[in-house]
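Lettering follows sequence order; numbering is per chain, from 1.
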Amino acid sequence: MAPQTRSSFPSVVIERETDTEESSSFSEEEEGGGGGKGAGEEDAESESENVKTYEERTKGKAPISIPLKKVCKVCKKPGHEAGFKGATYIDCPMKPCFLCKMPGHTTIMCPHRVATEHGVVPAPHRSAGNPIDFIFNRQLSPRVRPIKPAFVIPNEVKCAVTRYHSRRVTCLEFHPTNNNILLSGDKKGQLGIWDFHKVHERIIYGNVHTCILNNMKFSPTNSGSVYAASSDGTISFTDVETGISSSLVNLNPDGWQGPSSWKMLYGMDVNAEKGLVLVADNFGYLHLVDSRSNNKWEDTILVHKKGSKVVGLHCHPLQPDIMLSCGNDHFARIWDMRKLQDGCSIHDLEHKRVVNSAYFSPLSGSKILTTSQDNRLRVWDSIFGSMGPPNREIVHSHDFNRHLTPFRAEWDPKDPSESLAVIGRYISENYNGTALHPIDFMDISTGQLVAEVMDPNITTISPVNKLHPREDVLASGSSRSLVIWRPKEQSESVKEKEDQKIVLCGKLEKKRHGKKFGNESDDDSDHDGGFGPVSKKGKA
DNA sequence: ATAACATGTGACC
DNA sequence: TGGTCACCCTGTTA
């Protein structure tokens with residue numbers, strides 16, 4: 001599994017965004033404190049201390065009542081506490097499990113969690129589609145040696161830009177031909193173009209959209225230009241080189257007439273064969289736009305419950321007539337483009353909660369992977385067989401939170417077995433004193449957690465992740481930062497120790513204190529790569 | 001170190 | 001359909 005490095009990467013560089021950007025409406029300064037978890041650290045404090053503070057504050061005034069008992073921040077009830085204790089989060093026992101959502105236990109005790117060392121663990125295999133599948137999986141599969149090649153996991157930070165965007169990152173896209181160009185969209189509607197080989201070469205186009213850039217897709221006919229769908233109700237078509245942008249459609253030609261009429265565009269995809277741009281809005285409708293004649297409307301179809309947001313669209317990789325949508329009505333739906341009519345989907349894939357994303361597998365398109373807000377990934381193995389309940393449900397922490405871009409599990413487009421997917425994790429784990437939110441690599445054919453990738457310098461959640469279509473590179477959007485990961489190069493000594501298992505990136509024993517993420521001055525990765533967990537080990 | 005805040009949006013009636 | 005209401009591991013600034 002030793003990664004064969006292709007292009008020669010420069011040594012690790014972490015670039016802090018200087019405040020030059022016109023985008024930045026914020027003031028200045030540093031990344032907000034490593035590990036600092038805003039809410040609720042003081043749990044550790046003793047009761048007496050609490051009292052004292054209170055007295056001090058009230059300067060001797062008779063307090064009405066002094067909360068001598070610990071009060072839970074979550075449920076407000078006395079007798080227990082919840083929140084961070086150091087880098088470990090203590091769950092409120094009055095709430096259902098934050099992972100699997102079942103009552104009766106906390107996240108720590110969740111059966112989906114405790115089975116392996118740490119992290120998220122799959123649900124047991126559930127309802128196989130048909131008897132043969134079931135038998136195969138149950139009886140034969142364990143004895144059949146896997147023929148699929150070992151996964152290559154980009155688990156080490158190669159470079160990053162912090163505060164690149166002025167708001168949180170909402171989507172990422174690799175350039176279709178230029179391997180080192182990463183596009184990123186943010187909540188403000190800005191479009192970032194970053195050459196991560198030359199870390200300093202980056203630009204933000206601030207005038208493409210006026211609010212959330214929800215999805216991007218490169219034009220199949222013009223690889224220098226990208227479509228973007230935004231909550232401002234427009235699709236933009238932008239030349240990456242020049243930044244010149246035109247508006248393909250505007251669903252709000254009359255401007256703001258109140259929230260009940262303002263259309264926002266979410267799911268988008270391009271159907272090359274048909275020359276169509278597909279885009280969906282927050283009222284349940286799919287819009288077809290002829291990409292050749294630009295602007296010409298083909299049709300508008302209700303694809304999800306009226307009034308509900310359609311957050312994802314995906315065209316089948318091999319069959320131009322097949323399309324997949326997903327949205328807030330708890331469904332993902334498969335459509336035949338030739339028979340697009342209101343409510344005439346081929347299959348409706350039911351979920352318990354909102355479906356953040358639904359994707360065909362990238363090569364054959366025979367599988368579907370969805371991410372739902374019920375903290376489960378769902379997999380349908382063969383969309384050409386009977387479409388019943390999912391073949392697998394994998395419990396995984398990716399809760400919805402108003403401050404976060406919704407999590408989306410993304411396929412590895414390079415995996416010939418179409419079983420590797422990446423998704424950020426919401427729940428943090430205490431990694432030697434630092435609370436980190438790993439990025440998980442799941443083998444969705446087994447439900448196994450293959451790898452959890454993290455770095456002590458990246459303390460924010462990474463809901464947005466994309467694997468490179470050709471290289472062993474992972475791009476992450478974490479708050480306002482972008483991070484590029486590549487496989488850790490293992491020295492021989494380290495290699496034998498860490499052996500077959502996927503190496504965790506965040507071995508913090510050797511954490512390099514003071515090397516704050518984003519300090520350009522001292523980042524200079526002396527010797528063997530510097531920043532990052534790695535190395536050092538062998539020298540002992 | 002910690003408190004306050006900005007801020008959507010999904011669920012439910 | 002509309003209105004109200006929670007909302008637990010944010011992230012950032014003061």
Check: B/dT7 base within 3.5 Å donor-acceptor of A/Arg402 side chain |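 By the distance-only test, yes, there is a pair.
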
Check nucleotides 10-13 of chain B for protein N or O atoms closer than 3.5 Å to its own N or O atoms and list the pairs.
{"from": "B/dG10", "atom 1": "OP2", "to": "A/Asn328", "atom 2": "ND2", "distance (Å)": "2.1"}
{"from": "B/dA11", "atom 1": "OP1", "to": "A/Arg353", "atom 2": "NE", "distance (Å)": "2.9"}
{"from": "B/dA11", "atom 1": "OP2", "to": "A/His330", "atom 2": "NE2", "distance (Å)": "3.3"}

Same-atom distance (C1') from C/dC9 to B/dC12, integer angstrom |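 25 Å, rounded to whole Å.
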
Mind checking the P distance from C/dA14 to B/dT7? Whole angstroms is fine.
->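 Their P atoms lie roughly 15 Å apart.
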
Using the six-membered ring for Trp and the full ring for Phe, Tyr or His, decide whether A/Tyr89 stacks on the six-membered base ring of C/dC8 (centres under 5.5 Å, planes under 30°).
->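 Check failed, A/Tyr89 does not stack on base of C/dC8.
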
With sequence neighbours left out, write down each residue that passes ring pair (Phe, Tyr, Trp, His ring centres under 6.0 Å) with [X], or none if nothing qualifies.
X        : result
A/Trp411 : none
A/Tyr285 : none
A/His330 : none

Please identify each residue that fulfils salt bridge (Lys or Arg N to Asp or Glu O under 4.0 Å) with A/Lys309, with sequence neighbours left out.
->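 For A/Lys309, no residue satisfies salt bridge (Lys or Arg N to Asp or Glu O under 4.0 Å) once neighbours in sequence are set aside.
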
Sequence neighbours left out, what passes salt bridge (Lys or Arg N to Asp or Glu O under 4.0 Å) with A/Asp186? Give chain and number order.
->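 In terms of salt bridge (Lys or Arg N to Asp or Glu O under 4.0 Å), with neighbours along the sequence ignored, A/Asp186 is linked to no residue.
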
Between [atom2] on [N] and [atom1] on [X], what's the gap in Å once rounded to a whole number?
X        : N      : atom1 : atom2 : answer
A/Ile461 : C/dT12 : CD1   : C1'   : 14 Å
A/Asn401 : B/dT9  : CG    : P     : 11 Å
A/Asp186 : B/dT7  : CG    : P     : 15 Å
A/Lys187 : C/dT10 : NZ    : P     : 17 Å
A/Arg168 : B/dG8  : CZ    : C1'   : 9 Å
A/Lys73  : B/dT2  : NZ    : P     : 10 Å
A/Leu404 : C/dC7  : CG    : P     : 17 Å
A/Arg167 : C/dG11 : CZ    : C1'   : 11 Å

Electrostatic pair A/Arg425:A/Asp440 at N-O distance under 4.0 angstrom |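 Looking at A/Arg425 and A/Asp440, the cut-off is met.
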
By the 4.0 Å heavy-atom rule, please label [X] as base, sugar-phosphate, or nothing.
X        : value
A/Pro463 : nothing
A/Asp399 : nothing
A/Tyr426 : sugar-phosphate

Short side-chain N/O contact to C/dT10 OP1/OP2 from A/Thr460, under 4.0 Å |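 No, because none of the side-chain N or O atoms of A/Thr460 sits under 4.0 Å from OP1 or OP2 of C/dT10.
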
Check whether any side-chain nitrogen or oxygen of A/His403 sits under 4.0 Å from OP1 or OP2 of B/dC5, and answer yes or no.
->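 Indeed not, no polar side-chain atom of A/His403 lies that close.
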
Sequence neighbours left out, what passes side-chain contact (heavy atoms from CB on, under 4.5 Å) with A/Ala475? Give chain and number order.
->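 Per chain and number, A/Ala475 pairs via side-chain contact (heavy atoms from CB on, under 4.5 Å) with A/Leu172, A/Phe174, A/Leu182, A/Ile484.
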
Do we get A/Lys95 above A/Phe98's six-membered ring, with its NZ or CZ under 6.0 Å from the centre and within 45° of the axis?
->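 Checked: cation-pi criterion not met.
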
Please produce a list of atom pairs where a protein N or O lies less than 3.5 Å from an N or O of nucleotides 2-6 of chain C.
none

Identify each donor-acceptor pair in which a side-chain atom of residues 340-349 of chain A lies under 3.5 Å from a protein atom, sequence neighbours left out, and give them as a table.
{"from": "A/Asp342", "atom 1": "OD1", "to": "A/Leu302", "atom 2": "N", "distance (Å)": "3.0"}
{"from": "A/Ser345", "atom 1": "OG", "to": "A/Asp348", "atom 2": "OD1", "distance (Å)": "2.6"}
{"from": "A/Asp348", "atom 1": "OD1", "to": "A/Arg333", "atom 2": "NH1", "distance (Å)": "3.1"}
{"from": "A/Asp348", "atom 1": "OD2", "to": "A/Arg333", "atom 2": "NH1", "distance (Å)": "3.1"}

Classify the angle between the aromatic ring planes of A/Trp256 and A/Trp262 as parallel (below 30°), tilted (30 to 60°) or perpendicular (above 60°).
->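 Judged by the thresholds at 30° and 60°, the geometry between A/Trp256 and A/Trp262 is tilted.
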
Which residue lies toward the 5' end of DNA chain C, A/Lys305 or A/Ser462, if each is placed at its nearest nucleotide?
->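 The residue mapped nearer the 5' terminus is A/Lys305.
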
